[in-house]
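To start, the structure itself, in structure tokens.
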Amino acid sequence: MKAFFPLLFICLLGQAALAQKTPPKKAAPVKTVAVPDSMKIDSVQVEYVRTEPNADLWVLHGDRLNVRVKAQPGLKVSLWNQHPLQELPAAQNKGVAGLYVGSYIVQAADKLKDQFLEVLVDDTTTVFTAATHYSTTKVTILNPAQPIYGLTKTNTAYMNYGLGEDRLGGAKMGFLDSLVRVQVTGKMGRDYRIKLSNTLNAYIPVQQVQLEGPSLYTGESLTSSWSVTGDDANGKYDYVRVAVGQRLPYTSYMEVSPSRIVVDIYGAVSNSNWITQHRTLKEVTNVQYQQISSDVFRVTIDLCHPQAWGYSVGYQGNSLVIKVKRQPEKLKLRHLTIAVDAGHGGTNNGATGKTGIPEKEITLKIAQQLKKELEKKGAKVIMTREADVSVDNSARVQTLRQAQPDLLVSIHVNSAGRPEVKGTSTYYRHLAFRPLSQALYKEVLKLDLKEFGNIGGFNFALNAPTEFPNALVETAFASNPEDEQKLINPDFQKDMAEQIRKGLELFLKQTTKRKK
């Protein structure tokens with residue numbers, strides 16, 4: 001045993017010395033495991049909360065508030081007042097799950113003023129607590145006891161039927177003069193909703209209305225006596241004047257068979273006890289009115305000729321004046337002023353086909369040829385542009401309204417997403433002006449072009465004026481190789497101008513035959 005302990009001691013010393021000469025082993029690296037996103041958050045994921053439309057809203061009690069929430073599937077989602085939203089099946093949302101939708105009727109007890117809309121989201125488990133999420137746009141519930149009124153800021157303020165839009169803009173109900181008083185009952189982003197009558201609303205751009213603020217004055221007005229008179233024998237217009245008391249909103253349209261003009265004045269109540277009609281009238285044969293509802297006063301103007309030649313509506317003071325254009329005495333080009341509109345121009349190239357030649361060049365060349373054709377026949381011609389310059393459509397319309405031509409033709413080149421689509425077409429908005437578009441269509445089809453149609457109700461700026469008959473000609477399709485080769489051919493451009501001129505002459509000839 002005595003010999004063992006010294007030996008053990010020596011062995012331990014040797015191991016210690018050996019340990020000092022041998023470097024220590026490195027520790028194995030620790031592997032990091034990625035944590036799923038679902039484990040990193042402390043609440044359920046919500047991509048967005050939106051109202052429909054996704055814009056700042058002003059609404060009234062009784063309005064429908066539509067809400068959409070995109071989040072994880074399988075949640076319980078509700079509005080600030082516990083009104084539930086329903087998760088759409090993925091099949092109804094292009095295969096994407098987690099879309100929650102709901103429609104809520106605003107109640108009298110609801111109070112929101114310029115607030116982000118609250119939505120409560122709960123995963124229905126104990127993993128996460130329910131959380132409140134907010135829309136990026138604000139909602140205000142208006143007080144019906146404090147109606148809001150405003151005045152139109154321009155004499156070209158326009159009203160749309162709804163909020164829908166396409167490349168031509170929203171479907172227009174009509175235009176208003178300046179300083180017309182409108183009641184604002186809502187706001188949907190860039191548009192005010194205005195009340196025309198108890199059963200009819202319209203939408204007008206926010207920038208076209210100056211708000212007055214809350215008011216207890218309803219805006220209802222009594223009509224009084226009428227004056228219906230005309231220019232002297234050499235003049236061009238008859239006038240129907242209706243005293244209203246204040247500048248109320250209105251809409252108008254033309255009817256055919258029989259030919260007449262109808263104007264509805266909203267908020268007006270009849271107190272008209274007589275109508276004075278003068279012998280100077282040449283186009284207006286009779287006028288009458290109806291109180292078609294408690295807040296809609298209708299003016300009906302019967303015309304002398306089957307073909308209406310246009311009219312305008314506006315205020316002189318607080319009297320609504322309908323200015324009715326008389327049919328020209330002589331229906332020949334040499335006695336008329338014709339407006340020719342070359343579509344696009346400047347920075348607006350329009351349609352372009354494979355050749356790269358833009359629509360603006362083709363329309364200008366055809367318009368210049370048409371001007372020559374018309375001037376050869378003795379017509380006075382007004383061009384909306386005579387060079388490659390940018391001219392806004394609203395500026396074109398303003399120029400034309402000031403010039404008051406007898407007829408307008410707007411020239412364009414069509415385009416489609418499918419190259420096989422081809423042909424020519426004409427367009428009108430107002431039914432009374434359809435005969436002009438039909439006559440033009442009949443003549444341009446003689447250029448061996450395929451029929452694309454005579455198209456009505458066309459919501460284009462140059463078809464909107466009621467002051468003069470107008471039509472648009474889509475000559476052919478730049479997107480179709482065969483049509484495009486015709487369009488860029490100077491001989492075809494000259495032929496197209498000639499046929500458009502013949503179309504105008506055909507319209508005048510047909511109108512002469514329709515005279516009473």
Side-chain angles (χ1 to χ4, degrees), residues 234 236-237 307 309-310 312 325-346 348 350 359-413 426-428 433 435-437 439-444 447 460-475 487 490-512:
N234 297 320
K236 291 186 175 182
Y237 300 98
Q307 177 60 57
W309 282 82
S312 63
K325 189 171 184 179
R326 296 169 175 173
Q327 178 168 293
E329 289 289 339
K330 298 178 180 180
L331 296 179
K332 297 287 185 181
L333 285 176
R334 64 179 177 270
H335 301 295
L336 303 179
T337 298
I338 311 298
V340 177
D341 172 56
H344 306 276
N348 188 346
E359 176 180 359
K360 65 177 184 178
E361 289 187 19
I362 299 170
T363 59
L364 182 58
K365 288 178 179 178
I366 295 174
Q368 289 169 335
Q369 289 289 346
L370 178 57
K371 180 183 179 183
K372 293 178 183 178
E373 285 281 332
L374 293 170
E375 288 178 339
K376 285 179 184 177
K377 294 291 184 176
K380 179 182 177 182
V381 180
I382 298 171
M383 301 281 283
T384 59
R385 71 177 179 98
E386 296 193 73
D388 184 19
V389 294
S390 298
V391 186
D392 183 78
N393 281 337
S394 60
R396 299 181 197 220
V397 171
Q398 284 287 79
T399 299
L400 292 169
R401 282 180 168 148
Q402 292 172 3
Q404 284 297 308
D406 295 299
L407 298 169
L408 163 68
V409 179
S410 183
I411 301 170
H412 286 258
V413 170
T426 59
Y427 298 74
Y428 66 94
F433 298 159
L436 173 60
S437 69
L440 291 167
Y441 191 47
K442 182 176 181 179
E443 292 301 319
V444 296
L447 293 175
F460 177 62
L462 274 294
N463 289 117
T466 59
E467 288 87 342
F468 38 81
N470 55 75
L472 181 146
V473 178
E474 290 281 8
T475 52
L487 287 167
D491 290 336
F492 178 84
Q493 294 166 2
K494 187 175 184 302
D495 291 342
M496 175 60 73
E498 183 179 355
Q499 294 309 116
I500 292 175
R501 186 260 300 165
K502 289 181 179 179
L504 293 172
E505 290 177 322
L506 177 61
F507 167 71
L508 296 174
K509 183 178 180 180
Q510 292 173 337
T511 302
T512 301

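These numbers were taken from a predicted model, which means no experiment stands behind them.
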Review point. So how far is it from Lys371 NZ to Glu373 CD, rounded to the nearest 0.5 Å?
Key: 14.0 Å

**Study point:** Point-to-point distance, once rounded to the nearest 0.5 Å, from CG of Leu508 to CG of Leu336
**Key:** 6.0 Å

Review point. How would you list, by chain and number, every residue that makes a side-chain contact (heavy atoms from CB on, under 4.5 Å) with Ala379, sequence neighbours excluded?
Key: Leu333, Ile338, Leu374

Practice item. List in chain and number order the residues that pass ring pair (Phe, Tyr, Trp, His ring centres under 6.0 Å) with Phe468, two or more places apart in sequence or in another chain; answer none if no residue qualifies. Key: none

Practice item. Could you check if a side-chain atom of Leu400 sits within less than 4.5 angstrom of a side-chain atom of Leu462, using non-hydrogen atoms only? Key: yes

Study note, to complete from the structure: Residue set satisfying side-chain contact (heavy atoms from CB on, under 4.5 Å) with Leu506, at least two apart, ordered chain then number -> Ala439, Lys442, Glu443, Gln510

Exercise for review: List in chain and number order the residues that pass ring pair (Phe, Tyr, Trp, His ring centres under 6.0 Å) with Tyr428, two or more places apart in sequence or in another chain; answer none if no residue qualifies.
Suggested key: none

Exercise for review: Indicate yes or no for a side-chain donor-acceptor contact from Gln493 to the backbone of Leu487 under 3.5 Å, with no hydrogens or angles considered.
Suggested key: yes

Practice item. Answer yes or no: is there a donor N or O on one side and an acceptor on the other, between the side chain of Arg396 and the main chain of Arg385, under 3.5 Å? Key: no

With a cut-off of 3.5 Å and sequence neighbours excluded, list every side-chain donor-acceptor pair involving residues 406-413.
{"residue": "Asp406", "atom": "OD1", "partner": "Lys325", "partner atom": "NZ", "Å": "3.4"}
{"residue": "Asp406", "atom": "OD2", "partner": "Thr337", "partner atom": "N", "Å": "2.8"}
{"residue": "Ser410", "atom": "OG", "partner": "Asp341", "partner atom": "OD2", "Å": "2.5"}
{"residue": "Ser410", "atom": "OG", "partner": "His412", "partner atom": "NE2", "Å": "3.1"}
{"residue": "His412", "atom": "ND1", "partner": "Glu359", "partner atom": "OE2", "Å": "3.4"}

Check your understanding: Ala342 and Thr384: which non-hydrogen atoms are nearest, and at how many Å?
Key -> N-OG1, 3.7 Å

Practice item. Verify side-chain contact (heavy atoms from CB on, under 4.5 Å) between Phe433 and Asn463, making sure each step is shown before the conclusion. Key: CA-CA 10 Å; Phe433 298 159; Asn463 289 117; over 6 Å; no

**Study point:** Worked verdict on Lys502 versus Phe507 for side-chain contact (heavy atoms from CB on, under 4.5 Å)
**Key:** CA-CA 9 Å; Lys502 289 181 179 179; Phe507 167 71; over 6 Å; no

Practice item. Measure the spacing between CG of Leu370 and CD1 of Ile500 and express it to the nearest 0.5 Å. Key: 5.5 Å

Check your understanding: Quick one: does Asp388's side chain have a donor or acceptor within less than 3.5 Å of a partner on Gly345's backbone?
Key -> no

**Study point:** Check: Pro435 and Gln307 side chains under 4.5 Å, non-hydrogen atoms
**Key:** yes

**Study point:** Pairwise distance CH2(Trp309) to OH(Tyr237) - rounded to 0.5 angstrom
**Key:** 12.0 Å

Check your understanding: Between CD of Glu361 and CD1 of Ile366, what distance do you get to the nearest 0.5 Å?
Key -> 12.0 Å

Review point. Does a side-chain N-to-carboxylate-O contact under 4.0 Å join Lys509 and Glu505?
Key: no

Point to revise | Approximate separation, where rounding is to 0.5 Å, of Gln499 CD and Leu504 CG | key: 11.5 Å

**Study point:** Exam field: side chain Lys360 to backbone Asn348, donor-acceptor pair closer than 3.5 Å
**Key:** no

Practice item. Apply ring pair (Phe, Tyr, Trp, His ring centres under 6.0 Å) to Phe492 and list each qualifying residue two or more places apart in sequence or on a separate chain. Key: none

